Amino acid sequence: MSNKYIGESIKRVEDPRFIQGKGKYVANLSIPGMLHAAIKRSPYAHAVIKGIDTSKAEAMEGVVAVYVGQQMKDDGIGSLPCGFNPPDIKTAPHMPLAVDKVRHVGDGVAVVIAESPYIAYDALDLIDVQYEPLSAVIDPKKAAQPGAPQVHDEIPNNVSFHWPLGTREEINAVLASADKVIELDLVNQRLVPNAMEPRACVAQWDAFSDEMTIWTTSQNPHIIRLLLSLATMGLPENKLRVISPDVGGGFGSKIFHYAEEVIVPWASKQLGRPVKWVSTRSEAFVTDAHGRDHVTTAKLALKNDGTFLGLDVTTYANMGAYLSTFAPMIPTALYITLFSGLYKLPVIFGEAYGTMTHTVPVDAYRGAGRPEASYMLERLVDLAARELDMDPIELRRKNFIQPDEFPYQTPVAMIYDSGDYPKLFDSLEALGDYAGLKAKRDAARAEGRLVGIGISGCIEASGPAPSQVAVGLGAGVGLWESGVIRVHPTGKVSVMTGSHTHGQGHETAFAQIVADELGIPMEDVEIIHGDTGRTPFGLGTYGSRSASVGGTALAVSAGKVRDKMLKIAAHQLEVDVEDMVFDRTTGTMHVKGSPEQSKSFVDISVAALMANNLPEGVEPGLEETTFYDPSNFTFPNSAHIALIEIDRDTGQVSLLEYAAVDDVGKVINPMIVEGQLVGGIAQGVGQALWENCVYDEQGQLLSGSFMDYAMPRADGFPMLKVSRNETPSPTNPLGVKGAGEMGTIAATITVANGVMDALAPLGIRHIDIPHTPQRIWQAIQAQSNGH
Amino acid sequence: MYPPKFDYYRANSIDEAFALMGQLGDAKLLAGGHSLIPALKLRLAAPSALIDIGRIGELKGISRNGSTATIGALTTHATVAAASDLPAALTEAAGWIGDPQVRNRGTVGGNIAHADPASDLPTVLTALGATMNMRGLNGARSVSADDFFIDLFMTALGEDEILTSVDVPVDGAGTAYAKLFNPASRYAIVGVAAKVSVSGGQCTSARVALGGLTPSAVRAPSVEAALVGKALTADNIAAAAAQVGGDLDDVMGDIHASEEYRRAMAPIYVQRAVSKAAERAG
Amino acid sequence: MQSITLTVNGKSYTRDVEPRMLLVDFIRNALGLTGTNIACDTSQCGACTIHMDGMAVKSCTVLAVQADGADITTIEGLATNGHLHPMQQAFWDQHGLQCGYCTPGMIMAAAKLVENNPGITEAEIRHGLEGNLCRCTGYQNIVKAVAQAAAAGS
């Protein structure tokens, strides 16, 4: 089976519009008669709303309406739902505009609808909200302690859920009998996703047809439509059309159903005019769901020879003020189930408490649970190597699941599909020149410099999910994907996918798949996505699922198209279909052994239109649909290495070298995959070194703009070396695994381990991330002062 | 974000600007706008009117008179950064302000009149012994940088005055600027500018100023005193730099750098700036 | 309202604007040139970068009235006679973009960065892009694209 496109670095077909300023982002949409919304937001983390006076704002010229939460509630608008509910979860309402209380800085209390955004913002200043401020709780562990300020009456002690996996008795026995137990308390800090495109929403109510069209910056428009219908707006799905056109990055933050996606269409319906809302960056900081924010205690039990025996982890996961759409899934099904890493780890106990605080809701952010798992485990492994005085790669190798042990059942529910971890690390040692790095480090140390090598080996479960597993764990939707292939009579092909691209390059990669499967030129294939009015129900893009789930759905549909075309060709050539061959390089169908007896792709496309000479039982037309539900996740894995130097005087960190080998299975477009890996690594380095979302004790966000939230910039990186170690996934016919998150998952811990290795000669054991100059300097001072 | 409403007037000469300032009560001068417009967008400022002085030609450009370079208030950071005959500390610092796009619009006068405590130019101009030239309805006056920067966002510039230019001595002394960048904003967490003259192997004069630590840029007299009369060896520079703590009152702290950390970084960056300046003093 | 006349992508426009109108809003809304994006409030991200009188500037930090009389080029005006600018071509060739949102500003900044500097070094490119944020690419392919375009003499 030869491929013309799959496996090739085809330049992206979506790029010409982006490089010429023709991107179709929601903020670019303008409709005649369109009004503009601005939202009045709480300056307090926790306060009772005593009253809202909107009269001055309403009287302002150019202001069309001002609405408060009670009006929406009275009109039957429902709570923003949580779509992942593990057993015994406690939930509380989350109204699009707060009604009685505000629970985080940025919580919406009123909306102004005006003729221009400038006027709308002017009017915000005229809304008078009387608050009675209350004390707030910010830290996820402190929130669960007695006496902490309560976020919701419905969630006693702020504990929304407790999710254990494994048994306490079993792990206690292992800990008690182990030669060594490595213990670590750590914080995985809160991050702000900061996709470069701020969220936006435009809604147009058509009173003639009773239909609502909503353009929104979503990674999964069908899920938004479902939740609008089922939970918030209450409009029937067939009267709702949700369109996600070009979306400027998501990283998880655009999965969720946000308040503005209810406020804006509701206002449009009230006023009978289109309404537009575009988030400012300042709003994004206080409304886009944040990521991470775990407080964890972890213990790794092992033998003196380095054999891992058991792992015991307790995590307090900050859920923020409200349960965002998939929030409880992150520290549970996407976190604890990855605790086995690349290793044979016979006994694992993990538990997570999801706690409510007076902060922005926390949900999936690139990696979502898996970076937190890798960070915890790989910090412990590094500490173990240091305590045992073993080479950190040797210790990892000693505990690897071996290539002949796949499929491998871990003690934490997952069955790994494929991998070759020893070879992965062989490749890494070669690519990163491990021996050379060690020589550089040792030479630098001899000069008194602080240089370290960071190493990690990480696992990811990508491609969510088998629907049975997802729903069994508490998901409110199955996580399959749709793919439709429509062959037009001229032989051109329209492809409808429920997956969505917001940077991943689906329009190119999916066209590569379909073109190869059908043997036609890529130029003849158009990928249509992001519009519930044009595509069948689909679950969207997150969790590195697009290629393995969405791509597979298309490959299966293409197979169905081929089968049907072959039947028609066989009938017209008067041979048995078993005697026919579909030539995937040309799209022609011919009789086995007689290439001259053939029908072209267009011949059969036309034949399906004419329908005057079809085999019995074969319908006219050429359109096939697949709803593909994967049988398992795929398990990308990685080995990364970094060389780090620290300025002893200031604590500043320089990333000198970085090399990564990733197993993301088979690859459709190496250029795009490399782009995903490199971009992901940069984001992971951001968490290790710079990014930090900081609240004060009153719940004020101190890092609320790019002036205080340090984003990665071009000058923070050397050229990163990336390479791949392919072990095809047996789970899907394309053999692909997820590629979107592996870089992020691995890079944070790689750099963090490098920083800690650089500081090891000073006797410093652990510093929480981000490894800012100040934190490193403080640790150095504490050490030299003998603390 | 969107600025609040204001009236807009364009002044084509300094005299026109004064006339407008006289007519309008609560007006602000607009030069490059790279301090003012961000403040307007976040609605941290809401003047009733802006007087755009950005096109007044006589306020632009760099001229030289003997050992004094005069930098017009409307000269952009990019122009200063690219100038070949200004002290190295100044071109260095100008090249580290914001980013290329900001440097293309932001002006020297706007920057120093705004007097952000984390800004680079006040520090450098203080160390260089620069003089701020301003004009008011009652005539012109000049104020040394030492006296110009008073407090957080406060300068000696009167409400009814326009900063017209800055005089910078160009006297062959070695100068340098060392900066610990805020990783997010790229302002200075600690910025140190140094100017030293060396004769016969000894430091004959030294001016050292720090920014980012205190509400406004400050001189470090203890450090300066410890440098003068000494050979600028690494040890002597380090010993002098270690004196800096006594020159710093009211050190600020934030989420990036506590007061303790800033205080600890001060001598390190003093050392770096002085060492480089000493090299350049050759 | 204030009347302004300016040239954008070679075409002259005269419009009445509110003095507080930001140049980026003028370009996007009054002229309908939506290729120039907005991604922050604090003049940090560079998504709104355009060329104004031959210099790269952040159009979110310029008032439309300040641009009266100016000659402006936006991303829509960078290609000439249907031919991509070498920087546009390089971003495409090197996969220097993913979601595309920072791309117009990045290309506009980069085009000025390499002007008259065909031998620009990697370090100079990385430093020169300090006013532009990208969340997708990790900058690596952007750096490669800028180097390609510089070598092509853009």
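Computed from a prediction, not measured in an experiment: that's the story for all the values here. Below, read A as the first sequence line, B as the second, and so on, with proteins coming before strands; counting in each chain starts at 1.
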* Counting only heavy atoms closer than 4.5 Å, note whether C:Y139 contacts chain A via side chain, backbone, both or neither. => side chain

* **Main-chain N/O of A:L720 paired with C:Q140 side-chain donor or acceptor, under 3.5 Å** => yes

* To do: Measure distances from C:L78 to the heavy atoms of chain A and classify the residue's part below 4.5 Å as side chain, backbone, both or neither.
  => neither

* Is chain A contacted by the side chain of C:D41, its backbone, both, or neither, given a heavy-atom distance below 4.5 Å? -> both

* Does the pair A:V678 and C:N141 meet the rule for a side-chain contact (heavy atoms from CB on, under 4.5 Å), with working shown? -> CA-CA 9 Å; A:V678 167; C:N141 288 345; over 6 Å; no

* To do: Give a yes or no on whether the backbone of A:M711 and the side-chain of C:R135 come within a donor-acceptor separation of less than 3.5 Å.
  => no

* Answer with side chain, backbone, both or neither: which region of C:T137 has an atom nearer than 4.5 Å to a non-hydrogen atom of chain A? => backbone

* To do: Under 4.5 Å, counting heavy-atom pairs only, tell me which of C:A39, C:G100, C:G77, C:G138 racks up the most with chain A.
  => C:A39

* Pick whichever of C:I38, C:L129, C:L84, C:I142 has the most heavy-atom pairs under 4.5 Å with chain A. => C:L84

* Asked: Who wins among C:H95, C:Q88, C:E18, C:M21 for the most heavy-atom pairs under 4.5 Å with chain A?
  -> C:H95

* Heavy-atom pairs under 4.5 Å with chain A are the metric here; pick the option from C:P104, C:C45, C:C99 that has the most. => C:C99

* Would you please test A:M196 and C:L133 for side-chain contact (heavy atoms from CB on, under 4.5 Å) and show each step? => CA-CA 8 Å; A:M196 290 318 297; C:L133 297 177; 3.8 Å; yes

* Can you say whether C:N29 sits under 4.5 Å from chain A via the side chain, the backbone, both, or neither, judging by heavy atoms? -> neither

* To do: Answer with side chain, backbone, both or neither: which region of C:M106 has an atom nearer than 4.5 Å to a non-hydrogen atom of chain A?
  => neither

* To do: Walk me through it: do A:F717 and C:V143 pass the test side-chain contact (heavy atoms from CB on, under 4.5 Å)?
  => CA-CA 11 Å; A:F717 302 93; C:V143 172; over 6 Å; no

* **Distance in Å, C:D93 CG paired with A:K11 NZ, rounded so as to fall on 0.5 Å steps** => 4.0 Å

* Got a donor-acceptor contact below 3.5 angstrom from the C:E130 side chain to the A:D715 backbone? -> no

* Asked: Considering only heavy atoms, which portion of C:L33 lies under 4.5 Å from any heavy atom of chain A: side chain, backbone, both, or neither?
  -> neither

* To do: Show your working on side-chain contact (heavy atoms from CB on, under 4.5 Å) between C:Q98 and A:Q504 and close with a plain yes or no.
  => CA-CA 6 Å; C:Q98 290 179 23; A:Q504 299 88 342; over 6 Å; no

* Structure fact -> In short, C:I75 meets A:I19 closest at the heavy-atom pair CD1-O, 3.3 Å

* Asked: Given side chains that start at C-beta, do those of C:R28 and A:N28 come closer than 4.5 Å, heavy atoms only?
  -> yes

